[in-house]
Amino acid sequence: MRTVLCPGSFDPITLGHMDIIMRARDLFGHVLVGVGRNNQKKYLFGDQRIHLVREALAGVEGVDVEPIEGLLVDFCRAHGISSVIKGLRFGADFDFELQMAHMNRGLTGLETVLLPAAAEHVTLSSTILREVMKLGGDVDKYVPPNVARAIAAWRESTTG
Ligand code: ADP
């Protein structure tokens, strides 16, 4: 059994993320989901993101969740992890991931595995989900049930 890191912003976690995490677990045996924390970024769900990821994956064997700050390669070295796994959706993902993969390999030899997104999630991103949410659209079918509840609470708090 090997551990692979599955990093991301998860703002919020979607069924697309869940699919990659579960397939990564089946391939490697153990997945550490790394929830990025970057002071330069403004997250809609802020510190709640990691709680939502933990809740969505509660009871799932072979999956752990930790926050990540700073360089991915430093986090991996500190945790004895030699590969990361990323979901690949469309062309823009590939261009970005290829650059990141080579940079990480150049820095410490960290390997990257790119897993094609499931057909049903190939166009789903947290970014588009947040945009639709903000305009009042119902995105429940794209997220785990606990995230749908958090979105309902967010809606309550913004509409008063
Ligand atoms: P997003 O790009 O949706 O805002 P993140 O920064 O949280 O998401 O992405 C973390 C990882 O999850 C990336 O490797 C990204 O490609 C992957 N990912 C995000 N959405 C999906 C999806 N619908 N299907 C497969 N992989 C996805």
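Atoms within each ligand, like the ligands themselves, are counted from 1 in listed order. Values below: all heavy atoms of this structure, side chains included; hydrogens, waters and symmetry mates excluded.
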Using a 3.5 Å distance criterion without hydrogens, assess whether the side chain of [X] forms a donor-acceptor pair with backbone atoms of [Y].
X: D11; Y: L44; answer: yes
X: R25; Y: E61; answer: yes
X: R130; Y: Y43; answer: no
X: S126; Y: P12; answer: yes
X: H79; Y: F75; answer: yes

[X] side, atom [atom1]; [Y] side, atom [atom2] - distance, nearest 0.5 Å:
X: I68; Y: N38; atom1: CD1; atom2: CG; value: 11.5 Å
X: D74; Y: E69; atom1: CG; atom2: CD; value: 12.5 Å
X: S125; Y: H17; atom1: OG; atom2: NE2; value: 8.5 Å
X: I151; Y: L129; atom1: CD1; atom2: CG; value: 5.5 Å
X: I21; Y: L32; atom1: CD1; atom2: CG; value: 10.5 Å
X: L115; Y: R23; atom1: CG; atom2: CZ; value: 4.0 Å

For [atom], what is the nearest protein heavy atom, given as residue, atom name and distance?
atom: atom 2 (O) of ligand 1; result: R89 NH2, 2.9 Å
atom: atom 4 (O) of ligand 1; result: S126 CB, 3.6 Å
atom: atom 24 (N) of ligand 1; result: A117 CB, 3.5 Å
atom: atom 8 (O) of ligand 1; result: H17 NE2, 3.3 Å
atom: atom 16 (O) of ligand 1; result: G87 O, 2.6 Å
atom: atom 6 (O) of ligand 1; result: S9 N, 3.5 Å

Which ligand 1 atoms does [X] reach within 4.0 Å, using its non-hydrogen atoms?
X: G8; result: 7 (O), 10 (C)
X: D93; result: 16 (O)
X: I20; result: 25 (C), 26 (N)
X: G16; result: 22 (C), 23 (N), 24 (N), 25 (C)
X: T127; result: 4 (O)
X: S125; result: 3 (O)

_G36 to ligand 1, any heavy atom closer than 4.0 Å_ =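 No, G36 has no heavy atom closer than 4.0 Å to ligand 1.
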*Relative to ligand 1, is V122 under 4.0 angstrom through side chain, backbone, both or neither, heavy atoms considered?*
neither
Has ligand 1 got any nitrogen or oxygen that is less than 3.5 angstrom from a nitrogen or oxygen of [X]?
X: K86; answer: no
X: D11; answer: no
X: P7; answer: no
X: H121; answer: yes
X: L124; answer: yes
X: F10; answer: yes

*hydrophobic_cluster_shared for F10 and M133, side chain cutoff 4.5 Å*: yes
